[in-house]
Engineer: 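I have a structure I would like to understand better, so I am pasting it below and will then ask my questions one at a time.
Position 1 is the first residue of the sequence; numbering continues from there. No experiment lies behind these values; they were computed from the predicted model shown. Values below: all heavy atoms of this structure, side chains included; hydrogens, waters and symmetry mates excluded.
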Amino acid sequence: MKEESKIVELLAEMLKKFDNHDDLLKELIEGQKHNTQEIKKLNASQNKTNISIGELRLSNMRLAESIEHFFKIEERVKKLESAVFNKPG
């Protein structure tokens with residue numbers, strides 16, 4: 001009889017532990033769902049950031065081209081001035 005009650009007692013303890021594990025598992029699943037949502041938000045934000053970086057890169061390239069064009073015009077003006085006013089270059 002003692003052994004049977006001991007077995008029942010052990011089984012009851014195991015059942016409590018399984019219930020506790022079930023609750024922990026539910027918490028982990030909810031946490032994982034929350035993490036997944038946050039990751040999706042971060043991915044969307046990262047995509048927007050990447051698009052913005054691409055636009056800035058393109059703007060910088062256009063600015064560099066404009067500056068280069070300006071310097072070419074300046075060189076042409078200097079050559080014209082030296083030819084018209086007989087100034088050495």
Engineer: Can you measure from CG (Asn35) to CG (Leu42) and round to the nearest 0.5 angstrom?
Structural biologist: 10.5 Å
Engineer: Go through the steps for Leu28 and Gln32 under the test side chain to side chain contact (heavy atoms under 4.5 Å, CB included), then give the verdict.
Structural biologist: CA-CA 6 Å; Leu28 287 173; Gln32 185 62 40; over 6 Å; no
Engineer: Measure the CG-OG distance between Leu56 and Ser52 for me, rounded to the nearest 0.5 Å.
Structural biologist: 6.5 Å
Engineer: Between CD1 of Ile29 and CG of Leu25, what distance do you get to the nearest 0.5 Å?
Structural biologist: 4.0 Å
Engineer: Would a single hydrophobic cluster contain both Leu63 and Phe70, if residues Ile, Leu, Val, Met, Phe, Trp and Tyr are joined by side-chain heavy-atom contacts under 4.5 Å?
Structural biologist: yes
Engineer: Considering only heavy atoms from C-beta outward, does the side chain of Glu38 approach that of Lys41 to under 4.5 Å?
Structural biologist: yes
Engineer: Quick check for you: to the nearest 0.5 Å, what is the distance between Asp22 atom CG and Lys26 atom NZ?
Structural biologist: 4.5 Å
Engineer: If we only count heavy atoms from C-beta on, is the Gln46 to Asn50 side-chain gap below 4.5 Å?
Structural biologist: yes
Engineer: Measure the spacing between CD of Glu81 and CZ of Arg76 and express it to the nearest 0.5 Å.
Structural biologist: 13.5 Å
Engineer: Is it the case that over 12 heavy atoms from other parts of the model lie below 6.0 angstrom from the CD atom of Glu13?
Structural biologist: yes
Engineer: How would you list all residue pairs meeting salt bridge (Lys or Arg N to Asp or Glu O under 4.0 Å) that involve residues 61-71, not counting sequence neighbours?
Structural biologist: Glu68-Lys72
Engineer: In Å, rounded to the nearest 0.5 Å, how long is the span from CG of Asn60 to CD1 of Ile67?
Structural biologist: 9.5 Å
